[in-house]
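Because the structure is predicted, anything quoted here is derived from the model rather than measured.
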Amino acid sequence: MENMSIHELQHIITEELFFFEKEPTYEGALAKANTSGETEKRKTLPKTVPIAVTPPKEELKPEPIKVRGSFEKGILVLHEEIELGSEVMDMLVKMINAVGHSMNEVGLLSSDELEGRSLAELYDLNAHIVLKFGRVKHQINALPASDYQIYMEKETEYLFADALSTIAEDKVLKGKLWNTLKILFNIGKKQ
């Protein structure tokens, strides 16, 4: 720290500092006090030079992620498609209704809306169930979840599957998704 320049020190020391050209000494002060018979001179401090210190910059927090839909029950649907077509949306509505929920309880986010956001920002949404359909440009892909398998982390359950538009066209994938959704939403066979 002794060899650091003033510009380097400004990042460590945040208070305003003053530089004294000449350090006052104890002997000098004592000598002045002993000459009390002389006319008292006006006492002044040595010349100071202020050093400008810039305060640390505050990090700007990005706006929270905006979810489409009411998101009342914490069910989050992440989808690859920029927009969901009417056929795909109809399938999604029927699927959500079949597991005992309504679209009012669901929040929707496309891959584009999620791109560039951190995993922490996604966690801040406090979703209880996350259904990820297709390729989503996000760190959520790092979770060790397999397609059509339920993965649990803390209090959130995850289900990764193919893109909604792909599932809408493939009867086998619809059946695979339905079987996993029944487990996820605890839907038993009615007798």
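No side-chain donor from either of K73 and N104 sits under 3.5 Å from a side-chain acceptor of the other. No hydrogens or angles considered: nothing links the side chains of N179 and Y148 as a donor-acceptor pair under 3.5 Å. A donor-acceptor contact closer than 3.5 angstrom links the side chains of Y123 and E153.
Hydrophobic clustering of Ile, Leu, Val, Met, Phe, Trp and Tyr side chains at less than 4.5 Å, counting indirect connections, keeps F160 apart from L181. Linking Ile, Leu, Val, Met, Phe, Trp and Tyr whenever their side-chain heavy atoms come within less than 4.5 Å puts Y158 and F71 in one cluster. In the hydrophobic clustering of ILVMFWY residues, with side-chain heavy atoms under 4.5 Å counting as a link, I150 and I96 come out together. One hydrophobic cluster, built from ILVMFWY side chains closer than 4.5 Å, cannot hold both L108 and L114; they sit in different ones. At a threshold of 4.5 Å between side-chain heavy atoms, the hydrophobic network of Ile, Leu, Val, Met, Phe, Trp and Tyr places I187 and V77 in one connected group.
With rounding to the nearest 0.5 angstrom, the CD atom of E83 is 11.0 Å from the CD atom of E81. To the nearest 0.5 Å, atoms CD1 (I129) and CE (M152) are separated by 9.5 Å. The distance from the CG atom of L125 to the CZ atom of R117 is 9.0 Å, given to the nearest 0.5 Å. Note that the CG atom of L109 and the CD atom of E115 stand 13.0 Å from one another [nearest 0.5 Å].
Side-chain contact check for M91 versus L164: some heavy-atom pair is nearer than 4.5 Å. Looking at L159 and L177, their side chains come closer than 4.5 Å, going by heavy atoms from C-beta outward. With contacts defined as side-chain heavy-atom distances shorter than 4.5 Å, the pair F133/L78 does not qualify. With contacts defined as side-chain heavy-atom distances shorter than 4.5 Å, the pair T180/Q149 does not qualify. Between L184 and L131, some side-chain heavy-atom pair lies under the 4.5 Å cut-off. For the pair H128 and I75, the minimum side-chain heavy-atom distance is 4.5 Å or more.
When all heavy atoms of S165 and V88 are compared, the closest pair comes out as CA-CG2, 3.8 Å. Of all heavy-atom pairs between A127 and L76, the closest is CB-CB, 3.9 Å. Nearest heavy atoms, N141 versus K132: OD1-NZ, 3.2 Å. The shortest heavy-atom contact between E105 and H101 is OE1-ND1, 2.5 Å. Across all non-hydrogen atoms, the minimal contact from K174 to I167 is CG-O, 3.3 Å. Across L122 and H138, no two heavy atoms sit closer than the pair CD2-CE1, 3.9 Å.
Taking a cutoff of 4.0 Å between a charged side-chain nitrogen and a carboxylate oxygen, K176 and D170 do not qualify as a salt bridge.
Within 6.0 Å of CD in Q139 there are more than 12 heavy atoms belonging to other residues, nucleotides or ligands.
Of the possible polar contacts, one joining the E80 side chain to the R135 backbone as a donor-acceptor pair under 3.5 Å is found.
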side-chain contact (heavy atoms from CB on, under 4.5 Å) assessment of M103 paired with N97: CA-CA 8 Å; M103 288 305 286; N97 290 336; 5.6 Å; no
